[in-house]
Visitor: 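Once you've had a glance at the structure underneath, I'll fire off some questions.
Proteins get letters first, then strands, A, B, ... in listed order; numbering begins at 1 in each.
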Amino acid sequence: MRREDLIFEQSRPGRRASTHAPATIAAIDDLPASVLREAPPPLPEVSELQVVRHFTRLSQLNFSIDTHFYPLGSCTMKYNPRVSNTLAMLPGFLARHPLEPDSHAQGVLESLFDLQELLKAATGMSGVSLTPMAGAQGEFAGIAMIRAWHLARGDTGRTQIIVPDAAHGTNPATASMCGCEAIEIPTGPDGDVDIDALRRAVGPKTAGIMLTNPSTLGVFERRISEIADIVHAAGGLLYYDGANLNAILGRALPAGMGFDVVHINLHKTFSTPHGGGGPGAGVVAVNSRLEPFLPIPIVGKRDGSYVWLSEADRPQSIGRLSGFMGNTGILLRAYVYMRLLGAEGMRRVSGYATLNANYLSTRLAAAGFTIAYPQRRASHEFIISLKDVARDTGATAMDFAKALLDRGFHAPTTYFPLLVPECLLIEPTETETRQELDAFVQALCEIRDLAFRDVGELKRAPQTTPVRRLDDVRAARQLDLVWHSRSGTVN
Amino acid sequence: MRREDLIFEQSRPGRRASTHAPATIAAIDDLPASVLREAPPPLPEVSELQVVRHFTRLSQLNFSIDTHFYPLGSCTMKYNPRVSNTLAMLPGFLARHPLEPDSHAQGVLESLFDLQELLKAATGMSGVSLTPMAGAQGEFAGIAMIRAWHLARGDTGRTQIIVPDAAHGTNPATASMCGCEAIEIPTGPDGDVDIDALRRAVGPKTAGIMLTNPSTLGVFERRISEIADIVHAAGGLLYYDGANLNAILGRALPAGMGFDVVHINLHKTFSTPHGGGGPGAGVVAVNSRLEPFLPIPIVGKRDGSYVWLSEADRPQSIGRLSGFMGNTGILLRAYVYMRLLGAEGMRRVSGYATLNANYLSTRLAAAGFTIAYPQRRASHEFIISLKDVARDTGATAMDFAKALLDRGFHAPTTYFPLLVPECLLIEPTETETRQELDAFVQALCEIRDLAFRDVGELKRAPQTTPVRRLDDVRAARQLDLVWHSRSGTVN
Amino acid sequence: MPFIPHTDDDLAAMLQTIGVADIDALFDEIPAALRVGGLPAVPPGMSEAAVVRLMRARAARNVDSLCFLGAGAYEHHIPAAVWELATRGEFYSAYTPYQAEASQGTLQLIYEYQSMLAGLVDLDVSNASLYDGATAFAEACLMAVRASRNRNSRRVLVARYLHPLWRKAAETLLRGQAVELVELPSSGGRTDMQALAALDAQDFAAVCLPWPNFLGGLEPVDELTDWAHGRNMLVIAVCNPVAIGLLKPPGKWGAQGADIACGEGQPLGIPLSSGGPYFGFMACRQALVRQMPGRIVGQTLDIEGRRGFTLTLQAREQHIRRSKATSNICTNQGLMVTAATIHLCLLGSEGLRRVAAQCHTNTRALVAALTSLPGVDLQFSPYFHEAVLTLPQPVAPVLARLAAAGILGGHDLQADFPELGHALLVCATELRTAEDIETYRQAMAGALGMAVAT
Amino acid sequence: MPFIPHTDDDLAAMLQTIGVADIDALFDEIPAALRVGGLPAVPPGMSEAAVVRLMRARAARNVDSLCFLGAGAYEHHIPAAVWELATRGEFYSAYTPYQAEASQGTLQLIYEYQSMLAGLVDLDVSNASLYDGATAFAEACLMAVRASRNRNSRRVLVARYLHPLWRKAAETLLRGQAVELVELPSSGGRTDMQALAALDAQDFAAVCLPWPNFLGGLEPVDELTDWAHGRNMLVIAVCNPVAIGLLKPPGKWGAQGADIACGEGQPLGIPLSSGGPYFGFMACRQALVRQMPGRIVGQTLDIEGRRGFTLTLQAREQHIRRSKATSNICTNQGLMVTAATIHLCLLGSEGLRRVAAQCHTNTRALVAALTSLPGVDLQFSPYFHEAVLTLPQPVAPVLARLAAAGILGGHDLQADFPELGHALLVCATELRTAEDIETYRQAMAGALGMAVAT
Ligand SMILES: Cc1ncc(COP(=O)(O)O)c(C=O)c1O
Ligand SMILES: Cc1ncc(COP(=O)(O)O)c(C=O)c1O
């Protein structure tokens, strides 16, 4: 493929995809010049064919689930059913103005109401709000609810959120967003939380704890009930980061583990697309304690019709999190997926995701790779550490990642969680075949062989991607964040 | 990209994309075993993700208008508006059963009726039938109508169809399909038909003549009126092969040139997609002489409603050409395109297509390439001959074609028309930018330089495509037209 | 200027390069008398937004119904992935794969299609498509006439209950070459083996057998195949590709199997869409491949020995053989084949079987429900996937009443097959539920003027 | 098994490799007391065909109307190419571009987006999106508090006529960090410059100015910007991205321009879709870039010196800086940005100007038509793209009557802004025709109980 120039570089003054705007420009004679724009915005001036060709070509530069195995740990890159998209994009769903009367949106509202019920069933919780727009916003909502609960009890001093060191960055960041302090506790050698450290950490300032279970270390926190007792006894509540809910779907319920609130990344467990960065949906589910505080709006049912419940109906709510209702179109996609799967299908998600992860981890262990927690059962994901290879050859986890790209695989998550050196966090998901997993094992073995044989060659990877290894330092030092035409004009 | 295995090679017995078929197999207990299949059909057994990934990857192996300049002469590879597709695929259009009552399909019928009217306007003809499913079927319909007209006059001896040597292969093949003899006449040195040869060819056996104008030599047949007089005087009729109608749209009318019948490839002039080989639509338009013979069905209007006219309404029709009505979905796409363009837009099609062709031909001539008809004005396409380069270097038109692929351009049509040696028939179309044309000139110059410098290297092209030059002889000699698993079973 | 990228600067520079004053000057070789100033009868162009609104309104003016109508076009489930993939620009906006190295996507796909289709009908080779079922049938007749060992015959036998519209289309297409269709004797909704003796069988090039036939009937294909082969005729199977997921494939008919199979590809993932675009399929025994019309893709090697795909046997085709080609077909129905290939992969053999079985079972349930009404009877059995009912009244007004009630009740056979009386052809694909069938039963009772228990 | 490719053989072989008897055994680390046998309240799975039928019926249960409602979400023309391209699998099913070399498509696109967006608001840099307009507004307030030279202030001034729902969402999001929104004095539908003197301006980190404001009003942005800058406040522009195709961009406000611009991206090619997914945009001056939340893409070189794109300034983000990050945002609205980028390319600067101008002109025509009815008056002018009308009756019942007549007549301002009386916010985008407006006028006359000449 030829280099794909920036669309700005393909622009010529006066060119237009003219069917998309009015044929003439309406005269604006009622407004003073002082409120009007002087120079037109510097948008590219291109034809429709140029646009189609440019973005079609750009798309081909991406790896994606639709083209590659993408075992990005913690991110759950599994097949996104095309029908979820097709149905969510039916004109009858797309045309809904968010402020139209409820009577006009019964088809949407019914679907969202059903989704709320399905999510209650999947978590064991008693209340759901669909409005958070991603996992991180679900976390925000959860911690805000915990705070509101404490405050409603008149307990104003609980400002600490306990977070294990393996936690995703959004957990401590969320604590800060909510005005809390994040208290980090260490992980024990077996991957479970260090219970003694937890005991030391809790106290009258404890608002709650955020846990991912299975954790981002790819193991199930076995002493979760004990943890719940400790935190509850100290007066705190438990937050379940549901990024890994796919690992236990239909096998265990966050409610059963003692959690008070959970967010679910629908774009992970319920297979809505990642879209190159979003949108997602980070719905929250709570037990009855926290129900009054759920963010609004929520879908209710009144006299056989579905209605949006808002401030008047939910006076204790932490409030709104978005201009309207959050990412409705994503919610519809998740709903379609859940209806396709049904109860059995959901249970199979956790079963086969775990099967694939354990198969891959067993095969990699047999091939001599270092599994981070070899004594543990892998959940839906697991970690290998390349520390030894790095020591012996100088090849890093990053080198392995880049070499995988050349072999037609997206890389696993690298250097996360932070506590495992030179790690790859590998999540194959249930939608990949055994044959694909075998090919992945073979690729990793080949790369390791290359590391020992010719690490210089390995460090030249990737060689088949549209660009070779990029200079990140330069990117951050010599900031170039927007295009400026060299000549000042576009030509 | 990794090699893309055949989907059969990715198959495993028992694997299924299970949401697409009933969850269980219904028992068939009323039919004797003798009518049932014994072994299941050998279809691939794959998951939905495998299917999506396979065909997404396969698609990326193609050049197409959406990714590349594609100056395939005579084929009119221009931008296919995406909206034509979106609208033709609205559920309200797709759900129409062809045998439902007319009352249920008024929205379709109205659109087709309007399209008939637009096509009359674009050709100057008085009757239109939309039913032919491609250009070749339009040709068939046209010659069948000419035959029917002669027969209706009781003139049974007219079995010859005159065809210039530059004609597209479908023209003589159509004559044969209609039971006629194709009489080939030569082209003069200036690219026009050899009028004297025509005079010699016509006679009492002449059913008609088939002409493309501008011809596939990329020049306008200037003596068309004289030709029409000669053929009409001899008792024959004139058939206009409308593959090049885009060259004269809004500038001249086939009817005005003396043609009695014309087919239009909607997939060329009216920009419906080529789909990797089809479907197209080869609508026919006729003057009043031939109107009674138009193929059915045709859309008529009765009491304010639109109706399908069939045998009863059109007793002299040559009959049906398809099971139902031809390629309705393609007709709707063309209709959308024509409404977007309107009268002015249509005229611009011919204007800018001709501008692009003449610009490219002028620039290539200036760069020293041999234009086949340098004394003539190019129409929307033109021919260069690489005979001299071939003589001097051994590089053929085929070598140039393959080398263009490496430079990110689809090749022009090669070795057609047959009368110009080592030729490239180049049709840039109106939707390409001047910058793209300039880049194409540069690529051809580079390739010629390479031919003189290192023809061996040139003959190694293409080097960047998913496969290198393919062995066509082997393909025809060692026929391998269907996949058979090596082991007899798929595994 | 819709879709035209030229700026004023471009235009000026290009005209200057060419050496003309304006675009009109480029048309100077068109004799002045032939030139027109524009297209006055064509309305002005519209914005995309306006066309969207127009066409949405048109789409909404159509009327959707609960469909029990088959008769050659069937409402099946089409997975969403099928058209999402088929309309990807790289498939949608490519031409026929003339430059093989730049079209491996389309070529490999066609090779896969040919393999699936040949496997489905159990014959050796398949082409890359023809226009539709009717034209595929006509081309098969022409092919048989060319290939037949009964050299002088231009006559082809056809079962009476072949799709009447296909018959009509074939007559148009065969007329020029003076190929004649002759009807086989029939009784009881299918070919009458007993009555065959009356035919002068030496005079025919081939026999065409629909499977199932237009009435849903199951022809005695094994006997007919052997009968025809015994008389030097070729056997052309005209089959529904979903049905043969379950029914005996043409390659297994009789002792030697049919010679050619053709049919309508619509049931394989193609929307109803007012009758098109669909696609015709055709497969045959290896020995006949050089008589087959249409494009064919073959596997070969590139100069590095890697597998690749290319158009092959082009010497059969019009662009090489011109007036001696096997057909004049050029553009075919490529995109439909793309969709059908994806569709077949998503179903797999088990899925296809299940769909076929469910269609049949649903049609049986429909027959049972409707024949529970007094005066409504089943005409023939066994049947597959479609069935003929006799109504106690003329069919047309009943269908009109059903249509007004939101139901496409089936196809009236009166005009084409008057011998069947008040005969209605019904069909329930895998998409019809038990409730749909009950809805129809009640509506039918109403349309017939009966009261019915709900 | 929907979406699971394992055959029985695969399963058996894999279990054997792992060394367990069955899948359930893989969950042996979950304490038995916590395990559940399934999800009894979840219904069984459905076939795709059944779900399609269900969701089509649901979509059909919604009611489409002629839309004169804006109030933060606008029905604009979206070219068909936008979503055809944006939903291509390679965009749709990719993750955040962590492996830059394998994600140049997404990364180059975001770089192009950042360039367009920064150009549109006339500021130096843009991020890659936030969740929506409301959260972008909240994040802008937090950013201003972090960046402000009035170090101790956690208070932010806001114009009264900012979207009331955004205000509410921001209050939720700012509460935790004890950032307070304080309303600017207003009169005549916009900020009252005269009344500013009463404020203790030293106490504020920033001022937020909607452009146009919720009522369609044009705030005195130049004066307010200079006033705020004179008091060490940052200026946050909250703008409609289509409107600033025509209106003065934030970067040109006052002497120095606004510091931060944010807003709702929905008008740039995003369907209404019940309120989401949309996307929030944010741009700022270069000096503030390290305080900006969200992903940012930068251009750099690869080891061969070729241009390439990568995520940059990640030290601001949660995955590096954890509790000290500029925000907790991780997943953003990437696909919406993909669509908006394509949309902006298809419009170009001239197209965007024309759309903005047409919206305004249509709204003026609408205002003229409705105020021709007795008792219907325009409350404020100038206005842009939206306008406030006074009705002679309470608004809610009138809107209900219009809705029943198929018209979304606008937004009732009574609850949020009681000072405006029977106030109705109306809007006519470029999609509304003269006939649409006339339809509304007649329906409004009817809804108000008037007879009207047609
Ligand atoms: C463990 C964990 N928690 C939280 C998040 C944040 O979710 P989101 O990206 O949807 O905001 C993620 C996503 O990457 C995650 O993996
Ligand atoms: C000049 C000419 N005539 C006829 C045809 C045949 O048209 P179709 O391919 O639509 O059957 C073509 C198409 O290639 C052509 O270029």
Visitor: Quick check - list every chain A-chain C donor-acceptor pair under 3.5 angstrom, one line each.
Guide:
{"unit_1": "A/Arg15", "atom_1": "NE", "unit_2": "C/Pro5", "atom_2": "O", "d": "2.7"}
{"unit_1": "A/Ser18", "atom_1": "OG", "unit_2": "C/Met1", "atom_2": "N", "d": "3.0"}
{"unit_1": "A/Thr19", "atom_1": "O", "unit_2": "C/Glu48", "atom_2": "N", "d": "2.9"}
{"unit_1": "A/Gln60", "atom_1": "NE2", "unit_2": "C/Glu90", "atom_2": "OE2", "d": "2.6"}
{"unit_1": "A/Arg82", "atom_1": "NE", "unit_2": "C/Glu84", "atom_2": "OE1", "d": "3.3"}
{"unit_1": "A/Arg82", "atom_1": "NH2", "unit_2": "C/Glu84", "atom_2": "OE1", "d": "2.5"}
{"unit_1": "A/Thr86", "atom_1": "OG1", "unit_2": "C/Glu84", "atom_2": "OE2", "d": "3.4"}

Visitor: Please check if the number of heavy atoms outside A/Gln463 that lie under 6.0 Å from its CD is greater than 12.
Guide: yes
Visitor: Do A/Asn327 side-chain atoms and A/Ala281 backbone N/O form a donor-acceptor pair below 3.5 Å?
Guide: no
Visitor: Sub-3.5 Å donor-acceptor pair from the side chain of A/Asn356 to the main-chain atoms of A/Pro428, do we have one?
Guide: no
Visitor: Using salt bridge (Lys or Arg N to Asp or Glu O under 4.0 Å), reason through A/Glu430 and A/Arg348 one step at a time and then give a plain yes or no.
Guide: CA-CA 8 Å; A/Glu430 71 278 10; A/Arg348 277 192 296 252; over 6 Å; no
Visitor: What residues of residues 89-97 of chain A make heavy-atom contacts with chain C at a cutoff under 4.5 angstrom?
Guide: none
Visitor: Go through the steps to decide whether A/Leu332 and A/Leu87 satisfy the test side chain to side chain contact (heavy atoms under 4.5 Å, CB included), and finish with yes or no.
Guide: CA-CA 8 Å; A/Leu332 292 175; A/Leu87 294 176; over 6 Å; no
Visitor: So, A/His68 versus A/His410, ring centres under 6.0 angstrom or not?
Guide: no
Visitor: Ring centres of A/Phe63 and A/Tyr70 under 6.0 Å apart?
Guide: no
Visitor: Rounded at 0.5 Å granularity, tell me how far CG in C/Leu120 sits from CG in C/Leu352.
Guide: 6.0 Å
Visitor: Which residue out of C/Pro79, C/Ala50, C/Pro2 racks up the most heavy-atom pairs below 4.5 Å with chain A?
Guide: C/Pro2
Visitor: Hey, are A/Asn246 and A/Glu427 close enough side-chain-wise for a donor-acceptor pair under 3.5 Å?
Guide: yes
Visitor: To the closest 0.5 Å, what do you measure between CD1 (C/Ile4) and CG (A/Leu49)?
Guide: 12.0 Å
